[in-house]
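Here the structure is laid out as structure tokens; the discussion comes afterwards.
The structure presented is a predicted model; accordingly, all values stated were derived computationally and were not measured. Below, read A as the first sequence line, B as the second, and so on, with proteins coming before strands; counting in each chain starts at 1.
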Amino acid sequence: MSEEKSLNFIEEIIEEDLQSGKYTSILTRFPPEPNGYLHIGHAKSICLNFGLTQKYKGATNLRFDDTNPITEETEYVDSIKEDIHWLGFSWSNEYYSSDYFDQLYSFAVKLINKGLAYVDDSTSEKIAAEKGTPTEPGKENEFRNRSIEENLRLFREMKEGKYKDGEKVLRAKIDMAHINMLMRDPIMYRIKHAHHHRTGDKWCIYPLYDFAHGQSDSIEHITHSICTLEFVPHRALYDWFIDKLEIFPSRQYEFARLNMTYTVMSKRKLLTLVNEGYVAGWDDPRMPTISGFRRKGYTPSSIRTFCEKIGVAKRDNLIDISLLEFCIREELNQTANRVMAVLNPLKLIIDNYDENKTEELTTENLPNDPENTRTITFSKDLWIEKEDFMETPVKKWFRLAPGQMVRLKSAYIIKCESFKKDDNGEVTEIHATYLPESKSHHDTSHLKVKGTIHWLNARDAATAEVRLYERLFKVENPAAEEGDFKEYINPDSLKVIKNAFIEPHLQHAETGAHFQFIRNGYFCIDKDSTPGKLIFNRTVTLKEGFKAL
RNA sequence: UGUCCCAUAGUAUAAGGGUAGUACAACAGAUUUUGAUUCUGUAUGUCGAGGUUCGAAUCCUCGUGGGACAACCA
């Protein structure tokens, strides 16, 4: 309690409600529509809704907003539940808006009886035309003043399947001239002869969002119904239905959704990326989906930390993806075992090392824990990274170059004596000599070298496929660019290295395990791995402090 | 053109009438058997104009800028 942490505006509202005695505990809900996979923006909402009821006394329901049978599927329901659990949250109740279809139907009848709803036979085009524009009022039509009895009969017949899709709708009778277009007799029910993933063929009329969401909140006695800014204009309607129905007064509060640089967040666009094959699926590590980040190697806590750091407010935002990257690096730096992997191999031969000798060396798994070690092997034939040799070094080059010395991590200091090139001028082989007295932990050479590079014993290194991911888009904010967002997709967002070299013991590591490939970044084992073929995904690069070019 | 929402370093987010702070990013230096980590430091900000006040990022007015709203989507 000593540390005063500032509250976001929703926490302030909740503390007021608790202090005033309006509520003694709070109830929130996370209300996804099961028509796609959850993304990092949903993670923000999940952390907010569940975080609030962890912080204050309360509970959070998971409610699937499944009022549109056309787009919703069970596959999505399952993935959503998995993602929420993975993030580390548990819901008190699992509900579906479709659980309330009977009750919603009787709510509608109640409004008809109060003279506050009517059946409209108009086409959708006519209804749209009569709605007016933001600056011009709408027009009332001939169906608006049907008798209560007729409305009751017609609505019942709609439910009974007497009419075809689009033939009739049920509308709230509010005010066709209202300044808020959503209040111009909004549609409550439409006819859809479609199979619903939960209610099957029981219904052929389905409520729209505005006549389902607030009512569902109210039925569950949600105290704080938190949603994103685009629903601000809906709040008037939300309150109107609650008022006229005389039901529990849930209240809606709106915050700004998350946007992140170099990606898109709209479900429609993410679906396009999946359907048109720009990525391999919803859980492709390039996707900003929760399952994508999971597969890429992000941890639940890193995502929660991120959501904590970005804050909650009402202004539109575009969060720098480097903040997310910071969160995962910060965690993995503490927890991921260091190993050596050579992604772009170059042969290194130690000319003065015994041809028949294989030496065992000790190296640490975590830099801050010198006791925690493993054994690696060293021989005359090694692999190093192509990038660690430069024939004509640039200024401040600390790595290998003709005549230059470096330390091989946890092994010896070596000096580059010569190198070979092929016909294309590609360097193919480096020859070096080592200093026996410079062995790590037993160094009596008193030599100081600027650079340390990683390496692998070519005689026992294993191979693996390594997938390097870059940002999915070339521009910071694809959604704000002109034209089709697909034009801004980064064509080099995935680079596959088929035959990288890794330490042999990694072959026994488990799917999902996290490692730092020293000087290369953080990697995890992809689920596509098979016993004979390991696949690593790059979670994130290391922070790059030196740019050679 | 109407209504609503919003405006603080590059990006986010605090300060709720009394010292403009924090994080990420950037840059510089130190340390380093990862050019990582760690440490130290630097630069950059209250959209504008009026008003209220001893005092305004904060309250008021008017501008300006950005966003949302005319789906039988959510």
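Here the side chain of A:Glu33 is nearest to one of B:C69, B:C73, B:A36, namely B:C73. Which of B:A70, B:G35, B:A25 sits closest to the side chain of A:Trp397 comes down to B:G35. Listed candidates were B:A70, B:C5, B:A74. Nearest to the side chain of A:Phe231 is B:A74. The A:Glu72 side chain lies nearest to B:A74 when the options are B:C72, B:A74, B:A36. Considering only side-chain atoms of A:Lys543, the nucleotide from B:A25, B:U33, B:A12 that sits closest is B:A25. Considering only the side chain of A:Phe398, B:G35 comes nearest among B:A74, B:A70, B:G35. Taking only side-chain atoms of A:Asn68, from C-beta outward, the nucleotide of B:A74, B:U32, B:A25 with the closest atom is B:A74.
The six-membered or imidazole ring of A:Phe517 lies near that of A:Phe536, with a centre-to-centre distance under 6.0 Å. Ring pair A:Phe523/A:Phe515: centre-to-centre distance not below 6.0 Å. Residues A:Tyr353 and A:Phe378 bring their aromatic ring centres within 6.0 Å.
Between B:A57 and B:G48, the two P atoms lie 11 Å apart (nearest whole Å). Distance check on atom P: B:C59 versus B:U19 gives 16 Å, rounded to whole Å. Comparing B:U58 with B:A20, their P atoms sit 14 Å apart, to the nearest whole Å. Comparing B:G21 with B:G16, their C1' atoms sit 15 Å apart, to the nearest whole Å. For the C1' atoms, the distance linking B:G17 with B:A56 amounts to 7 Å, nearest Å. With P as the reference atom, B:G41 and B:U22 are 11 Å apart, rounded to whole Å. One C1' atom belongs to B:A23, the other to B:G18, and the distance between them is 26 Å to the nearest Å. Between the C1' atoms of B:A14 and B:C73, the separation comes to 37 Å (whole Å).
Using a 4.0 Å cut-off between a side-chain N of Lys or Arg and a carboxylate O of Asp or Glu, A:Arg399 and A:Asp388 qualify as a salt bridge. Contact check on A:Asp239 versus A:Arg251 returns a salt bridge, with a Lys/Arg side-chain nitrogen under 4.0 Å from an Asp/Glu carboxylate oxygen.
Comparing A:Asn317 and A:Asn368 by the nucleotide of RNA chain B that holds the closest heavy atom to each, the one mapping nearer the 5' end is A:Asn317. The 5' end of RNA chain B is approached more closely, in terms of each residue's nearest nucleotide, by A:Lys314 than by the other of A:Leu366 and A:Lys314.
At the heavy-atom level, A:Ser322 lies under 4.0 Å from the strands shown only through sugar-phosphate atoms. Among the atoms of the strands shown, base atoms are found under 4.0 Å from some heavy atom of A:Thr123. A:Ser122 comes within contact range of at least one nucleobase, with a heavy-atom separation under 4.0 Å. Among the atoms of the strands shown, none is found under 4.0 Å from any heavy atom of A:Glu254. Within 4.0 Å of A:Ile518, counting heavy atoms only, lies at least one base atom of the nucleic acid. The residue A:His441 sits close to a base: some heavy atom pair falls under 4.0 Å. Among the atoms of the strands shown, only primed sugar atoms or phosphate atoms (P, OP1, OP2) are found under 4.0 Å from some heavy atom of A:Asp65.
For B:G35, there is no paired nucleotide, since no Watson-Crick or G-U wobble pair has both relevant distances below 3.5 Å. In this structure B:C73 sits in no base pair that meets the Watson-Crick or G-U test at under 3.5 Å. Using Watson-Crick or G-U wobble geometry with both donor-acceptor distances under 3.5 Å, B:U44 finds no partner in any strand shown. Using the Watson-Crick or G-U wobble rule with both distances under 3.5 Å, B:A7 pairs with B:U64. Here B:U13 sits opposite B:G21 as a Watson-Crick or G-U wobble pair (both hydrogen-bonding atom distances under 3.5 Å).
Residue A:Arg184 places none of its side-chain N or O atoms closer than 4.0 Å to OP1 or OP2 of B:A70. Distances shorter than 4.0 Å separate some side-chain N or O of A:Thr67 from OP1 or OP2 on B:A74. In this structure, A:Arg190 reaches the B:A74 phosphate: one of its side-chain N or O atoms is under 4.0 Å from OP1 or OP2.
Counting atom types as modelled, A:Arg519 pairs no side-chain N or O with a base atom of B:U34 as donor and acceptor under 3.5 Å. No donor-acceptor contact under 3.5 Å links the side chain of A:His234 to the base of B:A68. In terms of polar N and O atoms assigned as donor or acceptor, the side chain of A:Ser440 comes within less than 3.5 Å of the base of B:U33 in a complementary pairing. A donor N or O paired with an acceptor N or O is not found under 3.5 Å between the base of B:G66 and the side-chain atoms of A:Arg315.
Here the C1' atom of nucleotide B:C73 and the CG atom of A:Asp66 are 14 Å apart, to the nearest Å. Remark: P of B:U32 and NZ of A:Lys409 are 13 Å apart, rounded to the nearest angstrom. For the pair A:Phe517 CZ and B:G35 P, the computed distance is 17 Å after rounding to whole Å. Spacing between atom CZ of A:Arg257 and atom P of B:C5 amounts to 20 Å, rounded to whole angstrom units. Rounded to whole Å, the distance from CD on A:Glu125 to P on B:C72 is 9 Å. The CD1 atom of A:Ile319 sits 7 Å away from the C1' atom of B:U11 (whole-angstrom rounding). Atom NE2 in A:His42 sits about 14 Å away from atom P in B:A74, given to the nearest Å. In this structure, A:Met181 atom CE and B:A71 atom P are separated by 7 Å, rounded to whole Å.
The side-chain heavy atoms of A:Ser225 and A:His213, taken from C-beta on, include a pair separated by under 4.5 Å.
Stacking of A:Tyr209 onto the six-membered ring of B:A74 is not present when judged by under 5.5 angstrom between centres and under 30° between planes.
Classified by interplanar angle (parallel below 30°, tilted 30° to 60°, perpendicular above 60°), the ring pair A:Tyr434/A:Tyr412 is perpendicular. Taking the six-membered ring for Trp and thresholds of 30 and 60 degrees, A:Phe398 and A:Phe546 have nearly parallel ring planes, at less than 30 degrees apart.
Partner of A:Tyr37 under the side-chain hydrogen bond (donor to acceptor under 3.5 Å, both in side chains) criterion, chosen from A:Lys267, A:His42, A:Glu75: A:Glu75. Between A:Tyr206 and the options A:Tyr100, A:Tyr189, A:Phe101, a ring-ring contact (aromatic ring centres under 6.0 Å, His included) holds for only A:Phe101.
For the residue pair A:Asp65 and A:Tyr96, no side-chain donor N or O sits within less than 3.5 Å of a side-chain acceptor on the partner.
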Evaluation steps, salt bridge (Lys or Arg N to Asp or Glu O under 4.0 Å), between A:Arg471 and A:Glu476: CA-CA 10 Å; A:Arg471 32 192 56 141; A:Glu476 265 207 338; over 6 Å; no
Pick out the pairs of N or O atoms, protein on one side and nucleotides 16-21 of chain B on the other, that lie under 3.5 Å.
{"unit_1": "B:G16", "atom_1": "O6", "unit_2": "A:Glu12", "atom_2": "OE1", "d": "3.0"}
{"unit_1": "B:G16", "atom_1": "O6", "unit_2": "A:Glu12", "atom_2": "OE2", "d": "2.4"}
{"unit_1": "B:G16", "atom_1": "N1", "unit_2": "A:Glu12", "atom_2": "OE1", "d": "3.0"}
{"unit_1": "B:G16", "atom_1": "N1", "unit_2": "A:Glu12", "atom_2": "OE2", "d": "3.4"}

